[in-house]
Each structure stands twice: as structure tokens, then as C-alpha cells.
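Throughout, residue positions are numbered sequentially from 1 according to the sequence presented.
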Amino acid sequence: PKLMDARIFAPDPMGLRQQMLHLPLARRFAYDPLQGIFFANFEGHTVRDSADVAAIREAVEHCLAPLAHKVPAIIDYDNFHVLPQAIDEYSDMVRDLAQKYYSRVTRYTTSAFLRVKLGEALRQRGVAPHIFARAEQARAHLLDVGAAAVPHARPQAAAELVDDRHHRALVRHAPLDTLGHQLVRVA
């Protein structure tokens, strides 16, 4: 016979959610050499402080530093949370990792709030957020070499439509390049 978990009789919450959903940080990152894509899974993860940011940086660098080249990346932010006191440091770390290790990157989350908040924080650091609502959209954008310069992850005002030179479409024929004729070049 096995003894019952003592937490059953304690007045505090048992912590079952954390126990069942917890995924160690090292298992959240994977580079697939067959596809040549780096995957980061932040689903259900919370960044609380500088120590969490440093741990993420270390885990990503451990995975990607041995490679001799930058790689495309897909980041899953479903049910991800970053506390307000950590957002600036987290966003700086994202910028640094993207510059050092990613040839291009897309992100996705079903949270419209996170798409807006993280998107703003990354834009302030000169990082094109490319945050989509669904994984399929993020993957399609990442794999579409001739992707349109504006990923419509959320409704955008005309003033926000920017021609990103690093991700512009290869086709410059107006009927074939959706919205390409409407975009204004930014120097």
C-alpha cells in the first residue's frame, strides 16, 4: 500500500496545476536539424524576474551557440506571462538573442493582449515582432521566403503598414504582391 499525499490534508492549495503542467526550461527549446528550425515553447511559462530572464538566455544559448550559423525560429507564447517588472529586461533579452542567433523569427499566441504588449515592447527595441494568432500562420510566414512585408497578426492602421526590407516579397508585380503597392518605403 502507498501512503496518501500529505498535501490532501493541508489547508493550502496542493499545487497540482504547477506539478502537472510544469515543463523544465531545458525541455522548452529544441533545434531540429532536419528542418533547420529552432523551436521555443513558452506555453504556460511565467517570467517573474531577472533570474528567469537569465535562465532563458542561458538555455537558448546552450542550444544555439554550438551552431555555426543563424537559424529561423518559431516561438510559442500561448498562455505565457511576463510580469510587468520583468518586461523590459525580457524584451531586451529577446532582441539580443534574435540578433545573435536567429536568421528570422515568428511568434504566436492566442492572447490578443500579449500580442499587443509584447509587440509594442519589441517594436520599441527595433525588433519586428511578427506575432501571429495561430501556429500555422507563424510557420507559414517563417517558411514563406517571399512573404509580404506586413504580417497582419492584428488589425493595423495605415500608418503602421511598413515595408520591412529584410522580409519583403520577392515578387514586385502589384497584382501578385498583396498590399505591396500600398506600402511606403522607410529609410
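A search for ring pair (Phe, Tyr, Trp, His ring centres under 6.0 Å) contacts involving Tyr77 returns Phe42, Phe80, not counting sequence neighbours. A search for side-chain contact (heavy atoms from CB on, under 4.5 Å) contacts involving Ala59 returns Leu25, Phe29, not counting sequence neighbours. Shown here are the ring pair (Phe, Tyr, Trp, His ring centres under 6.0 Å) partners of Tyr31, two or more places apart in sequence or in another chain: there are none. For Asp32, the side-chain contact (heavy atoms from CB on, under 4.5 Å) partners are Leu34, Gln35, Phe39, not counting sequence neighbours. With sequence neighbours left out, Phe9 forms a side-chain contact (heavy atoms from CB on, under 4.5 Å) with Met4. Evaluation of the ring pair (Phe, Tyr, Trp, His ring centres under 6.0 Å) rule for Tyr101 yields no partner, not counting sequence neighbours. With sequence neighbours excluded, the residues satisfying side-chain contact (heavy atoms from CB on, under 4.5 Å) with Ala73 are Phe38, Ile75, Tyr102, Val105.
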Practice prompt. Given side chain to side chain contact (heavy atoms under 4.5 Å, CB included), test Met93 with Val60 step by step and report yes or no.
Written response: CA-CA 11 Å; Met93 185 251 337; Val60 171; 5.9 Å; no
Discussion item. Before you tell me yes or no, could you show the steps for Arg95 and Leu122 under side chain to side chain contact (heavy atoms under 4.5 Å, CB included), namely the whole-Å CA-CA distance, both residues' side-chain angles and the distance that decides it to 0.1 Å?
Written reply: CA-CA 7 Å; Arg95 177 200 58 217; Leu122 294 175; 5.6 Å; no
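Once rounded to the nearest 0.5 Å, the distance linking OG1 of Thr109 with CG of Asn79 reads 7.0 Å. Rounded to the nearest 0.5 angstrom, Arg28 CZ and Cys63 SG are separated by 14.5 Å. Here the CZ-CG distance, from Phe132 to Leu142, works out to 9.5 Å after rounding to the nearest 0.5 Å. Atoms CZ and CG, from Phe113 and Leu118 in turn, are 11.0 Å apart once rounded to the nearest 0.5 Å. Remark: Ile87 CD1 to Glu120 CD distance equals 10.0 Å, nearest 0.5 Å.
The neighbour count for Lys70 NZ, taken as heavy atoms of other residues, nucleotides or ligands under 6.0 Å away, is above 12.
Looking at Leu83 and Val47, their side chains never come closer than 4.5 Å, going by heavy atoms from C-beta outward. Looking at Leu67 and Leu64, their side chains come closer than 4.5 Å, going by heavy atoms from C-beta outward. Looking at heavy atoms from C-beta onward, Arg107 lies in side-chain contact with Val94 at the 4.5 angstrom threshold. Within the 4.5 Å cutoff, side-chain heavy atoms of Pro129 are placed close to those of Arg123. Within the 4.5 Å cutoff, no side-chain heavy atoms of Thr46 are placed close to those of Val82. Residues Ile74 and Ile37 form a side-chain contact, since some pair of their non-hydrogen atoms from C-beta on lies under 4.5 Å apart.
Between Val71 and Gly36, the closest heavy-atom pair is CB-O, 4.1 Å. Of all the heavy atoms in Gln137 and Ala133, the pair that sits closest is OE1-N, 3.1 Å.
Residues in residues 128-140 take part in these salt bridge (Lys or Arg N to Asp or Glu O under 4.0 Å) pairs, two or more places apart or across chains: Arg134-Glu136. Applying the salt bridge (Lys or Arg N to Asp or Glu O under 4.0 Å) test to pairs two or more places apart or on separate chains, those with a residue in residues 76-91 are Asp88-Arg125. Within the structure, salt bridge (Lys or Arg N to Asp or Glu O under 4.0 Å) pairs that include any residue of residues 52-61 comprise Arg57-Asp96 (at least two apart or interchain).
Put simply, the side chain of Arg7 never gets that close to the backbone of Pro13: no donor and acceptor are under 3.5 Å apart.
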